[in-house]
Amino acid sequence: MTEKLYYWTDGLKGYSSDNEQDYDQVIEIKRLNYFIGKNNAGKSRFLRNLFSSNNRSILYKPYISQSDISKSLEPFFKILENRDNYHISLNNNTSLNNLDKYYAHVINITRQICFIPFNKEKSLKELHSLPSLYIRKINTYHSDNYNYLKNITLIVEQMDLQNLKETFLHLFYIPTLRHLRTLTDDTADHLNLDRTIKDYFIDFEYNKSINQIQKKGSSPIQELKDHYKKFIITGETIYEELKQYLLGEPEQRDTIKRYEEKLSQYFFDNEPITLIPKHDQDVVNIKIGKDDQFSISVLGDGLQQVIILTYEAFIKNDKTHAFFIEEPELHMHAGMVRQLMNFYLNETKHYYFFTTHSNHLLDMADESDQVIIQKFVKEPNKDDSNKFDFKIYRCDRDRDLLASLGVKPSSVYLANCTIWVEGITDRLYITKYMEKYLDELKNSNEKLYKKYRRFMPNYHYTFVEYAGSNLVHWDFSDHYADQLEDKGLSAKAVASEMLLIADGDIQTKPDRVKALQRELKKENYYILKCKETENTLPKDTIINVAKSKFSRLKTETTKSYDISLIDHITDNSYFDHEEFGIGKLLDQAIKKPASKTTKTAFSDGQGVGTIKYKLDFCREIIKDFDENPDWQLTPKAKELCERIFQHIEKCNF
């Protein structure tokens, strides 16, 4: 069974969830946890409670389920059915004519064991004390009770204590009040930190932890400041922390260097980054590439946010912690927010909890199994219409998500750009080409490789399959298409900035070419200089697959062909043809000289010779790519990749 991690804490009055069928006081958590919902839906209060509570519990699944309880209770239920046939003598010599009280006590303890929060030692102690607490004389009807207790106790004793330890060591909170600029001349005066503590963590009823940290004769506010200054991140202390690290041990300086390298990789287009706590200033300075050093206050607010949101997480990466972050998207470009999440997943091992109104983070639940979305809904209390409860719903693929964030489909594009291809085989081939192109670029042009490797499918770009014969139905101009006309489909109404890739045989249809040239800019379409995408495949791969497929052809077909003749193809550009498909080119190469057959081995007919069963052939090509990773891009395939990456780059920067 797959383990799942659940989380809850005290102080969450009025909150419930649908994360578990049998229990509504728990939410499932993963590495990235998004809390979404309308304003005043209870997200921030929930987040701050998770951070501030001293009584938090974490539990892995599998754990004891309600079905396990019911199964263990079966003999117990049978006894209750016959409750008039016995009585229990209590220690105080009074009698009880049923087991209701005893039963309720056992059920309560069992629920503690099964669900969060759970104190294993306390529950075991109570289970062991139950018989002596309630029962003095035991008759035959009570034997099943003790068997039940024995079974439950045994299960609890065998539960893995390692799973019940704290999953993260410390908790850190990042409020919306955050920036890298000091607000006063006194660097020790942290106004944002003080304001956050006063607003959120000074109420005795809201935060019981003050009772545990308050010292005799001390100010509660000062005690809270002393306690929380280590765990609330507002950006005001980064100047001093940087100075300590850069003036500290070699390991600390190495940590800052690695952090600067990651900043460069994820957020500064691989430009070298240096962070400097300049001695005569109270603001961090930054140097980007060959530019002059300048105060970080000159930097855009979005990049300042990036440093605040990543610095502590990276510096403290020796242990696993939890970070509770209010609206990480503040001042940040949507693409940068995505990069921030990739940074968290790839470069740290912490758990993150976010309140957010950003729709740009939602599809990350499709890209990683370490992302989970919880939707908060404010609902009227069932018992008192003047009060409200907060319900938490697990909703990774809920169509109401966008509505919860106030987003309409017309306000977003699904990807920053689109690549239009004629069909599924073109998409599969080009995807493999792009992977190989990046691999080759890593050795030939590292700078360009670092830039292109950041592009993510379904975010920076996506594919659209249009089918060659359907191209005439699409209108690529900026005008509204009349849906009653032949060209009634408006491409720009359903897709963002596009690059249309057409097979070279479109040149035989001059009307289509003229339409593309009229409706699209030159940079928005690319016509192959060969018949079709299959003509850009490497020779050796085509031959490998052809040999494999030939052995599975019917004898009636193969008798007119000699597959050994395929080895006579020595020209690497043999399949790079403007008129014929690779099916016809293969048949021509392996057909026996004396054969008069009209049956084809690989061509789909006697015409231009597209390969038979294109999709099956494509999948075998891709399998050969994977099994022979040393294959090389042909010149035309490389040219196609260059054109595609240039398009993606233009649309994302």
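What you see below is based on every heavy atom in this structure, not just the backbone, and it leaves out hydrogens, waters and symmetry mates. Count residues from 1 along the sequence.
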From CA spacing to verdict: side chain to side chain donor-acceptor pair (under 3.5 Å), T536, Y433: CA-CA 10 Å; T536 66; Y433 284 176; 2.8 Å; yes
Parallel, tilted or perpendicular: ring planes of H350 versus Y352, cut at 30 and 60 degrees: perpendicular
Pair D567 + K547, salt bridge at N-O below 4.0 Å: yes
Heavy-atom closest pair, residues S595 and S560: OG-CB, 3.3 Å
Plane angle bin for F354 and Y34 - parallel if under 30°, tilted between 30 and 60°, otherwise perpendicular: tilted
Whether T634 side chain and A637 backbone form a donor-acceptor pair below 3.5 Å: yes
Residues E620 and K549 bridged, charged N to O under 4.0 Å: yes
Verdict with reasoning, T356 to E329, per side chain to side chain donor-acceptor pair (under 3.5 Å): CA-CA 7 Å; T356 180; E329 67 272 17; 3.0 Å; yes
Student check: side-chain heavy atoms of L537 and F625 closer than 4.5 Å: yes
Basic-acidic side-chain contact under 4.0 Å: K614, E534: yes
Geometric cation-pi criterion, K262 with Y259: 6.0 Å, 45°: no
Presence of salt bridge, K531 and D505, under 4.0 angstrom: yes
Any I527 side-chain heavy atom under 4.5 Å of Y525 side chain: yes
L500 and Y466, any side-chain heavy atoms less than 4.5 Å apart: yes
For R31, all residues meeting side chain to side chain donor-acceptor pair (under 3.5 Å), sequence neighbours excluded: none
Residues in ring pair (Phe, Tyr, Trp, His ring centres under 6.0 Å) contact with F602, at least two apart in sequence or another chain: none
Atom NZ of K451: over 12 foreign heavy atoms under 6.0 Å: no
Ionic contact status for K432 with E435, cut-off 4.0 Å: yes
Distance flag, aromatic centroids of F168 and F323, threshold under 6.0 Å: no
R394 and I372, any side-chain heavy atoms less than 4.5 Å apart: yes
SB check D269 R454 (cutoff 4.0 Å): yes
Distance flag, aromatic centroids of F455 and Y461, threshold under 6.0 Å: no
Residue pair L499, W420: steps toward the side chain to side chain contact (heavy atoms under 4.5 Å, CB included) verdict: CA-CA 6 Å; L499 171 64; W420 289 54; over 6 Å; no
